[in-house]
**Student:** 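The structure is given below, and queries will be raised subsequently.
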Amino acid sequence: MALKFFNTLTRQNEEFKPIKDGEVGMYTCGPTVYAQAHIGNFRAYMFEDLLRRYLKYKGNKVTQVMNLTDIDDKTIRDSNARGIPLDEHTKQFKEMFFRDLDLLNIERAEHYPEATTHIPEMVDMVKILLEKGHGYKSGDSVYFKIASFPEYGKLSHMKLDELKTGARIDSDEYEKDTASDFALWKGWTPEDGQVYWETELGKGRPGWHIECSAMSMKYLGESFDIHTGGIDNMFPHHENEIAQAEGATGKKFVNYWLHCAHLIVEGQKMSKSLGNTYTIQDLQEKGLNLSAVRYLLLATHYRMQLNFTFEAAKAATNAITRLRDFKDSLANTEGDGSNPDIAAAINKAKEKFESSLDDDLNISPAFAAVFDFVKDVNVAREKQQLSKVDAEAVETTLKGFDSVLGIIYVDEGGSLDSEIEELIEKRIQARKDKDFAEADRIRDQLDSMGIILEDGPSGTRWKRKL
RNA sequence: GGCGGCUUAGCCAAGUGGUAAGGCAGAGGUCUGCAAAACCUCUAUUCUCCGGUUCGAAUCCGGAAGCCGCCUCCA
């Protein structure tokens with residue numbers, strides 16, 4: 001079955017065909033580094049992580065570019081308020097962003113271009129747009145003339161004359177021909193303080209939209225395969241990106257546009273007044289396991305609104321525990337031969353896992369395939385001991401699934417310290433001596449330290465609580 | 001006002017014409033010193049509501065209600 005994506009451009013499921021066979025270029029709108037990213041932001045980055053991981057699973061070489069917007073009204077405002085340079089102000093948020101990506105086991109993109117280090121590319125592009133009649137100067141700024149790009153609106157299916165623009169015209173400080181025209185270059189104003197670039201376009205700073213057009217094309221070429229972002233970015237941001245890029249090159253900018261729906265918390269949209277714009281640190285402090293958070297962010301189809309609840313987080317923790325227990329159970333197997341049911345289970349699971357994700361990253365049946373797989377292997381194991389060969393085949397399959405999911409083979413533990421090891425040894429001895437009161441006491445003590453013991457036929461296993 | 005989305009069990013969530021996946025939670029059982037884990041069995045006559053089309057609809061059409069997003073550099 002072929003990989004298909006729902007393309008916002010056509011509003012249809014389309015078979016995915018990269019420009020160059022086996023290689024995929026994708027641009028993903030990244031964070032504005034004016035604050036610590038919240039769980040809603042990470043929903044989008046998680047979707048993009050799933051996308052890139054599955055493309056790789058299918059054998060593609062992926063080049064992902066994610067921008068870091070380190071200049072905009074808010075970053076300028078806040079850095080001026082703190083009285084420190086812009087780059088110093090944004091540095092800490094960039095660091096937090098990458099730390100959170102690691103905590104959520106989100107793979108790194110190939111490039112993270114920063115807006116402030118790509119000013120020349122943006123200036124060049126604005127110059128081309130001016131030459132081609134898509135831009136015009138007004139005061140110290142440069143604007144994109146939407147009327148010069150008849151296809152404007154093809155992504156969002158919005159018609160300009162239908163937009164509510166009234167309130168905006170009055171409040172706008174700049175001079176524009178048409179209210180919906182947007183800034184390519186913003187002339188310096190006193191509020192910008194020390195933040196400006198002296199360029200051929202004058203003293204000022206780039207508009208937001210030109211950033212993504214210029215940087216995506218620098219790293220991925222004038223036409224590339226996939227562009228993603230949150231649904232809120234569809235209009236006007238992505239619409240503007242198309243107008244700029246296609247206005248400048250005359251070529252199709254992006255073949256597949258994928259948009260991710262938003263996340264709500266406990267049935268309510270995130271807002272400062274509700275205090276539910278959680279960061280990753282907030283969730284950690286509330287005691288949530290971050291693999292469970294990853295599972296939750298992953299487990300709802302990306303085009304559906306995701307309801308993040310703490311009850312679901314608890315459920316996710318238990319689900320992950322089950323998968324990891326299964327993984328651990330594969331370690332101690334012996335014996336020769338092979339169980340034919342195992343090969344059948346592997347084929348069935350792979351087929352369902354892949355056909356589901358092929359269908360516009362339909363994650364739910366893919367997870368169902370993994371859980372069915374666990375069950376099938378366990379049933380087969382009840383009938384006949386798992387041989388070494390079987391266990392290895394199961395493990396290889398599970399690792400393949402987890403290369404996409406990233407929740408099973410995650411090292412969160414660290415090794416046991418000697419105190420815990422000693423307690424486990426003591427308890428084993430107590431059980432041998434039939435001193436069950438003492439054994440139970442030690443088990444409770446370890447439990448309070450976050451260590452769970454499981455006594456099986458082959459001895460006692462331990463694991464950490466999630 | 002324009003454009004778009006959603007409504008499936010206690011919770012999360014698949015399913016887009018053939019008779020309700022999966023996870024969590026819950027109940028009973030096997031196993032175990034007791035637990036835990038694992039395994040087995042059970043848990044939506046029903047898919048927001050009302051009409052219609054069809055041999056057959058959660059799925060298609062019409063209508064209603066509720067919730068939500070974009071149209072303001074908010075993923």
Side-chain angles (χ1 to χ4, degrees), chain A residues 8 11 28-32 34 37-48 69 71-74 153 156-165 167-168 171-172 180 182-183 207-209 211 228-237 239-240 259-264 267-271 277 295-296 299-301 303-323 325-326 328-329 352 356 362-372 374-375 378-379 381-383 431 434-437 439-440 443-444 447 452-457 460-461 463:
Chain A
T8 307
R11 308 284 159 115
T28 53
C29 280
T32 301
Y34 71 99
H38 54 66
I39 181 96
N41 301 115
F42 283 107
R43 201 262 163 119
Y45 308 140
M46 192 64 78
F47 145 62
E48 288 148 3
T69 298
I71 172 169
D72 78 323
D73 292 345
K74 280 179 285 232
S156 59
H157 294 202
M158 305 253 260
K159 295 190 177 74
L160 279 179
D161 51 11
E162 288 168 353
L163 303 181
K164 256 190 181 174
T165 52
R168 194 157 157 67
S171 65
D172 207 294
S180 49
F182 56 92
W208 177 44
H209 310 295
E211 175 193 323
T228 74
I231 185 117
D232 55 295
N233 276 156
M234 190 167 80
F235 187 91
H237 183 52
E239 200 72 70
N240 293 352
H259 288 97
C260 173
H262 278 190
L263 169 152
I264 59 175
Q268 293 180 297
K269 65 175 171 178
M270 290 190 301
S271 72
T277 51
Y295 178 100
L296 280 187
T300 298
H301 184 86
R303 284 192 288 112
M304 292 292 174
Q305 187 176 67
L306 187 161
N307 185 15
F308 186 94
T309 69
F310 287 89
E311 189 182 341
K314 174 74 181 123
T317 308
N318 292 339
I320 289 172
T321 300
R322 174 146 176 247
L323 293 176
D325 283 341
F326 176 73
D328 291 341
S329 78
K352 183 169 177 180
S356 301
N362 194 357
I363 189 80
S364 295
F367 265 118
V370 175
F371 283 104
D372 285 343
V374 170
K375 186 168 186 173
N378 280 329
V379 170
R381 182 154 56 184
E382 287 287 303
K383 286 193 280 183
R431 289 185 75 218
K434 304 276 185 207
D435 184 356
F436 296 120
D440 290 351
R443 185 167 65 197
D444 289 345
D447 184 80
I452 297 170
L453 297 179
E454 293 172 4
D455 302 323
T460 297
R461 291 196 303 135
K463 68 183 180 189

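Below, each value reflects all heavy atoms present in this structure, side chains not excepted, and no hydrogens, waters or symmetry copies. Here is the naming used below: chain letters follow the sequence lines, and residue numbers restart at 1 for every chain.
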**Student:** Counting primed atoms plus P, OP1 and OP2 as sugar-phosphate and everything else as base, spell out the protein contacts along nucleotides 18-26 of chain B at 4.0 Å heavy-atom distance: B, S or - for each nucleotide, 5' to 3'.
**Tutor:** ---BSSSS-
**Student:** I need the CG-C1' distance between A:L323 and B:A37, as an integer number of Å.
**Tutor:** 14 Å
**Student:** Mind checking what makes side chain to side chain donor-acceptor pair (under 3.5 Å) contact with A:T28, not counting sequence neighbours?
**Tutor:** A:Q64
**Student:** Check every strand shown and say whether A:V379 touches a base, only sugar-phosphate, or nothing at a heavy-atom separation below 4.0 Å.
**Tutor:** sugar-phosphate
**Student:** Could you check how far CG of A:L263 sits from P of B:A75, rounded to whole Å?
**Tutor:** 13 Å
**Student:** Please find the pair of heavy atoms, one from A:A261 and one from A:R43, that lie closest to each other, and give the distance.
**Tutor:** O-NH1, 3.0 Å
**Student:** What does the list of N/O pairs under 3.5 Å between the protein and nucleotides 30-36 of chain B look like, with a distance for each?
**Tutor:**
unit_1 : atom_1 : unit_2 : atom_2 : d
B:G33  : N7     : A:R431 : NH2    : 3.4
B:G33  : O6     : A:R427 : NH2    : 3.4
B:G33  : O6     : A:R431 : NE     : 3.4
B:G33  : N1     : A:D440 : OD1    : 2.9
B:G33  : N2     : A:D440 : OD1    : 3.4
B:G33  : N2     : A:D440 : OD2    : 2.7
B:C34  : O2     : A:R443 : NH2    : 2.7
B:C34  : N3     : A:R443 : NH1    : 2.9
B:C34  : N3     : A:R443 : NH2    : 3.4
B:C34  : N4     : A:D455 : OD2    : 3.1
B:A35  : N6     : A:D455 : N      : 3.3
B:A35  : N6     : A:D455 : O      : 2.9
B:A35  : N1     : A:D455 : N      : 3.2
B:A35  : N3     : A:R443 : NH1    : 3.1
B:A36  : N1     : A:D455 : O      : 3.3

**Student:** Which residues pass the side chain to side chain donor-acceptor pair (under 3.5 Å) test with A:T317, sequence neighbours left out?
**Tutor:** none
**Student:** Taking A:N41's backbone N and O only, do any of them form a donor-acceptor pair with A:H38's side chain (distance below 3.5 Å, no angle check)?
**Tutor:**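 Yes.
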**Student:** Taking atom P in both B:C6 and B:G10, what distance in whole Å separates the two?
**Tutor:**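 Result for the P pair: 23 Å, nearest Å.
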**Student:** Would you mind reading off the distance between A:F308 atom CZ and B:A13 atom C1', rounded to a whole angstrom?
**Tutor:**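 One finds 16 Å between C1' of B:A13 and CZ of A:F308, rounded.
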**Student:** How about A:R461 and A:L453: do any of their side-chain heavy atoms sit closer than 4.5 Å?
**Tutor:**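 No - every pair of side-chain heavy atoms lies 4.5 Å or more apart.
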**Student:** Using the C1' atoms only, state how far B:C68 lies from B:U19, rounded to an integer number of Å.
**Tutor:**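 Each nucleotide's C1' atom is 32 Å from the other's.
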**Student:** Rounded off to whole Å, could you give me the NE2-to-P distance for the A:H301 and B:C12 pair?
**Tutor:**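 Rounded to the whole Å, the gap is 19 Å.
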**Student:** In whole Å, what separates the P atom of B:A57 from that of B:A20?
**Tutor:**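 Those two atoms are separated by 12 Å.
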**Student:** With sequence neighbours excluded, what pairs up with A:F182 under the ring-ring contact (aromatic ring centres under 6.0 Å, His included) test?
**Tutor:**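 Listed in chain order: A:F144, A:H209.
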**Student:** For A:Y295, what residues pass the ring-ring contact (aromatic ring centres under 6.0 Å, His included) criterion, not counting sequence neighbours?
**Tutor:** A:F367
**Student:** What nucleic acid atoms does A:M270 come within less than 4.0 Å of, heavy atoms only: base, sugar-phosphate, or nothing?
**Tutor:** base
**Student:** Over all heavy atoms of both residues, which pair between A:G30 and A:Y45 is shortest? Give the atoms and the distance, please.
**Tutor:** C-OH, 3.5 Å
**Student:** Which residues satisfy the salt bridge (Lys or Arg N to Asp or Glu O under 4.0 Å) test with A:D455, sequence neighbours excluded?
**Tutor:**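 Residues passing salt bridge (Lys or Arg N to Asp or Glu O under 4.0 Å) with A:D455: A:R427, A:R431.
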**Student:** With a 3.5 Å distance limit and no angle check, can you tell me whether A:R11 reaches the backbone of A:T8 through a side-chain donor-acceptor pair?
**Tutor:** yes
**Student:** Is A:N378 near enough to B:A38 that one of its side-chain N or O atoms lies under 4.0 angstrom from OP1 or OP2?
**Tutor:**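 For A:N378, the contact criterion (side-chain N or O under 4.0 Å from OP1 or OP2 of B:A38) is not met.
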**Student:** Testing the basics here: between A:S364 and A:A299, what is the closest heavy-atom pair and its distance to 0.1 Å?
**Tutor:** OG-O, 3.5 Å
**Student:** NZ of A:K463: more than 12 outside heavy atoms within 6.0 angstrom?
**Tutor:**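 It does: A:K463 NZ has more than 12 such atoms within range.
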**Student:** Which value, in whole Å, describes the distance between the P atoms of nucleotides B:C49 and B:A58?
**Tutor:** 11 Å
**Student:** Which residues pass the salt bridge (Lys or Arg N to Asp or Glu O under 4.0 Å) test with A:R443, sequence neighbours left out?
**Tutor:**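 Salt bridge (Lys or Arg N to Asp or Glu O under 4.0 Å) list for A:R443, sorted by chain: A:D440.
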**Student:** Round to a whole Å and report the spacing from CG of A:L306 to P of B:C6.
**Tutor:**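 These atoms are roughly 15 Å apart.
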**Student:** List, with names and distances, any nitrogen or oxygen atoms from the protein found under 3.5 Å away from nitrogen or oxygen atoms belonging to nucleotides 67-69 of chain B.
**Tutor:**
unit_1 : atom_1 : unit_2 : atom_2 : d
B:C68  : O2'    : A:Q305 : NE2    : 3.1
B:G69  : OP1    : A:K269 : NZ     : 2.5

**Student:** Rounding to an integer number of Å, can you tell me how far A:F235 CZ sits from B:C70 P?
**Tutor:** 13 Å
**Student:** Under a 3.5 Å cut-off on both pairing distances, which runs of 3 or more consecutive Watson-Crick or G-U pairs involve RNA chain B?
**Tutor:** B:1-7 with B:65-71, B:10-12 with B:22-24, B:26-30 with B:38-42, B:48-52 with B:60-64
**Student:** Expressed in angstrom and rounded to an integer, what is the separation of A:R381 atom CZ from B:A37 atom C1'?
**Tutor:** 11 Å
**Student:** Quick one: label A:G40 by what it contacts on the DNA or RNA (base, sugar-phosphate, nothing), any heavy atom closer than 4.0 Å.
**Tutor:** base
**Student:** Base, sugar-phosphate, or nothing: which does A:N233 touch, judged by heavy atoms less than 4.0 Å apart?
**Tutor:** sugar-phosphate
**Student:** Using a cut-off of 4.0 Å on non-hydrogen atoms, how would the nucleic acid contact of A:H259 be classed: base, sugar-phosphate, or nothing?
**Tutor:**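 The residue A:H259 makes no contact with any strand.
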**Student:** Please determine if a side-chain N or O atom of A:T300 lies less than 4.0 Å away from the OP1 or OP2 oxygen of B:A13.
**Tutor:**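 Answer yes for this pair, as a side-chain N or O of A:T300 is under 4.0 Å from OP1 or OP2.
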**Student:** Between B:U43 and B:G5, how far apart are the P atoms? Round to whole Å, please.
**Tutor:** 36 Å
**Student:** Which residues pass the salt bridge (Lys or Arg N to Asp or Glu O under 4.0 Å) test with A:D435, sequence neighbours left out?
**Tutor:**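 Result, salt bridge (Lys or Arg N to Asp or Glu O under 4.0 Å) vs A:D435: none returned.
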**Student:** Could you work out which one of B:C70, B:G15, B:C12 sits closest to the side chain of A:N362?
**Tutor:**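 Side chain of A:N362 sits closest to B:G15.
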**Student:** For A:S156 versus A:F235, what's the shortest heavy-atom pair and its separation?
**Tutor:**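 For A:S156 versus A:F235, the nearest heavy atoms are OG-CD1, 3.3 Å.
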**Student:** Nearest whole Å is fine: how far is B:G4 P from A:M234 CE?
**Tutor:** 10 Å
**Student:** Which residues satisfy the side-chain contact (heavy atoms from CB on, under 4.5 Å) test with A:I264, sequence neighbours excluded?
**Tutor:** A:K269, A:Q305, A:N307
**Student:** Nearest-nucleotide wise, let me know which of A:S156 and A:V374 is further upstream toward the 5' end of RNA chain B.
**Tutor:**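 In this pair, the answer is A:S156.
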